[in-house]
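Reminder, nothing fancy here: chain letters follow the sequence lines and each chain counts from 1. FYI, side chains are in, hydrogens and waters are out, and symmetry mates aren't considered; it's all heavy atoms of this structure. Because the structure is predicted, anything quoted here is derived from the model rather than measured.
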Protein chains: 2
Amino acid sequence: MAPANAAVKIPVEMPVVEKRVRNRAATEQAILDAAKRLLAEEGFQNFGINAVARGAGCDKQLIYRYYGGLNGLVEAIGTDLGSWVTDRIPDDTGGMFLLTYGDLMERLSMLFLDALRADPLMRRIVAWEVSENSEQVRRLSEARSKALAGWIERMRGSLVPPKGVDAQAVNAMIFAAIQHIVLAAAVSDQCAGLVLKNGKDWEKAATALKRIVRGVYG
Amino acid sequence: MAPANAAVKIPVEMPVVEKRVRNRAATEQAILDAAKRLLAEEGFQNFGINAVARGAGCDKQLIYRYYGGLNGLVEAIGTDLGSWVTDRIPDDTGGMFLLTYGDLMERLSMLFLDALRADPLMRRIVAWEVSENSEQVRRLSEARSKALAGWIERMRGSLVPPKGVDAQAVNAMIFAAIQHIVLAAAVSDQCAGLVLKNGKDWEKAATALKRIVRGVYG
DNA sequence: CTTGTTATTCACCGCTCGGTGACAGATTGG
DNA sequence: CCAATCTGTCACCGAGCGGTGAATAACAAG
């Protein structure tokens, strides 16, 4: 156990606190968790080595050792992110029969809207993506869009968009709308004059979104 | 001219540079210009007192004196912003006859898309809006949305949206889509898998946007 | 010329940042 | 037992930040 004669060097106070166990794996996880938590809660603005180390309760040196600095840590977050879509968004049709491409896109829009609303980390990353163009952000962005594209492809099945519609461009618009409206709401509870506070407000937004989807895809 | 006996105090090098004239109004303008330029070119990340002072070529103390600090300076930018819409976006119908609400919204979408694409400062501010919720940003955001709403109201004339459509919610979606797609493109030349580099790419985006508008409003 | 007033600069403060080298304690292997 | 290795801590660096008090240079009025 703890040898009592270790008191030789103790300067003034007895550290009664539980000593951190020596466990690299656990520490790595703590760092990664702290990074994700910090990014989700505080945003990318004050995201730095010192803040993460503080949040993880360890020395920043360990971040350099285990992740090779902030870049490596962000990359680890990106890797984790790959499982976001599969974790947070259902992969089946929810018991519905998606008969048309319009059915599909309506459901995808709703799922994505809800998932993004529920995930602060993802929101912060999206905000980061449109605010900066660093190497870090590119990595995150790539991981995110790759996972998302895979999810859509999986859900699409054999459904094809109607002829005469540039589905890629239209869908980009729809997803852009969702992302921006969720970001704006998360910050200021409104977007372009539309209040987005309670569930009723979001119902209206969802209805409008569905109307847009149906307007294009029928 | 410059008195030669002034060399008494010169430490080592002769400042050949043109001496700044004493002119408060000009200095204030230089500060404001530097702030806008800096925000537009570098973004809100490295936007601070020191950077602005450097950019304006004066001491930061003057920013405190003339604007009461960064907050006041940002507020001044916001005031300036009020004239953005009226400056950058035409107020008439461009010679077209807007017969229906759909006509109106299609034209508004195109005008707003082009205007935002052409204005880096505005883009940075929008990105700022979805990234932070400080007092500064709120002020800017308010000024922007107010000007925008006024512009729309002016253009609307007597046209009314079709019954059975929540125009406010739908329009919020449309404007959200435009803002996000322009921001994303400005940073990474793409959005949700859709490449947005040259004019042809933007043509596709514009077409998709028009299709969405027409799908809802006919 | 003197005396204020105004515009502008300078020097300095405390703080946080990212980054690094050296060290201490635990664990493992011979 | 000693030596090497691994985990974790600490102290320190230079740089940049926001912010402030005091000095300085130009101009105006008397």
Whole angstrom is fine here: how far is it from [atom1] in [X] over to [atom2] in [N]?
X: Leu62(B); N: dA22(D); atom1: CG; atom2: C1'; answer: 15 Å
X: Glu28(A); N: dG8(D); atom1: CD; atom2: C1'; answer: 13 Å
X: Asn23(A); N: dT28(C); atom1: CG; atom2: C1'; answer: 16 Å
X: Asp59(A); N: dC17(C); atom1: CG; atom2: C1'; answer: 14 Å
X: Ile31(B); N: dA7(C); atom1: CD1; atom2: P; answer: 12 Å
X: Phe47(A); N: dC17(C); atom1: CZ; atom2: P; answer: 13 Å
X: Arg22(A); N: dT7(D); atom1: CZ; atom2: P; answer: 7 Å
X: Gln61(A); N: dT7(D); atom1: CD; atom2: P; answer: 13 Å

Given [N], is OP1 or OP2 found less than 4.0 Å from the side-chain N or O atoms of [X]?
X: Asn50(B); N: dG16(D); value: no
X: Thr27(B); N: dA7(C); value: no
X: Arg54(B); N: dG18(D); value: no

Legend entry - Atom pair CG (Leu70(A)) and CZ (Phe47(A)), whose distance is rounded to the nearest 0.5 Å: 5.5 Å
Inset, instruction - Report yes or no: do Gln29(A) and Asp33(A) form a side-chain donor-acceptor pair below 3.5 Å? - result: yes
Inset, instruction - May I ask you to check whether Asp59(B) and Tyr64(B) show a side-chain donor-acceptor distance below 3.5 Å? - result: no
I'd like to know if [X] pairs up with [Y] as an ion pair, taking the criterion as any Lys NZ or Arg NE/NH1/NH2 lying under 4.0 Å from an Asp or Glu carboxylate oxygen.
X: Glu203(A); Y: Lys200(A); value: no
X: Arg144(A); Y: Glu129(A); value: yes
X: Arg138(A); Y: Glu142(A); value: no

Legend entry - Side-chain heavy atoms of Trp202(B) within contact of Leu113(B), under 4.5 Å: yes
Inset, instruction - Describe, as an angle rounded to 10 degrees, how the axis at the first end of the helix from dC1(C)-dG30(D) to dG30(C)-dC1(D) is tilted relative to the axis at the last end, five pairs per end. - result: 30°
Legend entry - side chain to side chain contact (heavy atoms under 4.5 Å, CB included) between Val170(A) and Val165(A), intermediate numbers included: CA-CA 8 Å; Val170(A) 168; Val165(A) 179; 4.0 Å; yes
Legend entry - Residue Arg24(B), side-chain heavy atoms: nucleotide from dG8(D), dG19(D), dT8(C) that is nearest: dT8(C)
Inset, instruction - Among dG18(C), dG8(D), dT9(C), find the nucleotide with the atom closest to the side chain of Ile49(A). - result: dG18(C)
Legend entry - Exceeds 12 heavy-atom contacts within 6.0 angstrom, atom CG of Asn198(A): yes
Legend entry - Toward the 5' end of DNA chain D, by each residue's nearest nucleotide, Lys60(B) or Lys60(A): Lys60(A)
Inset, instruction - For DNA chain C, find the residues of residues 64-81 of chain B with a heavy-atom distance under 4.0 Å and give them by number; none if there aren't any. - result: Arg65(B), Tyr66(B)
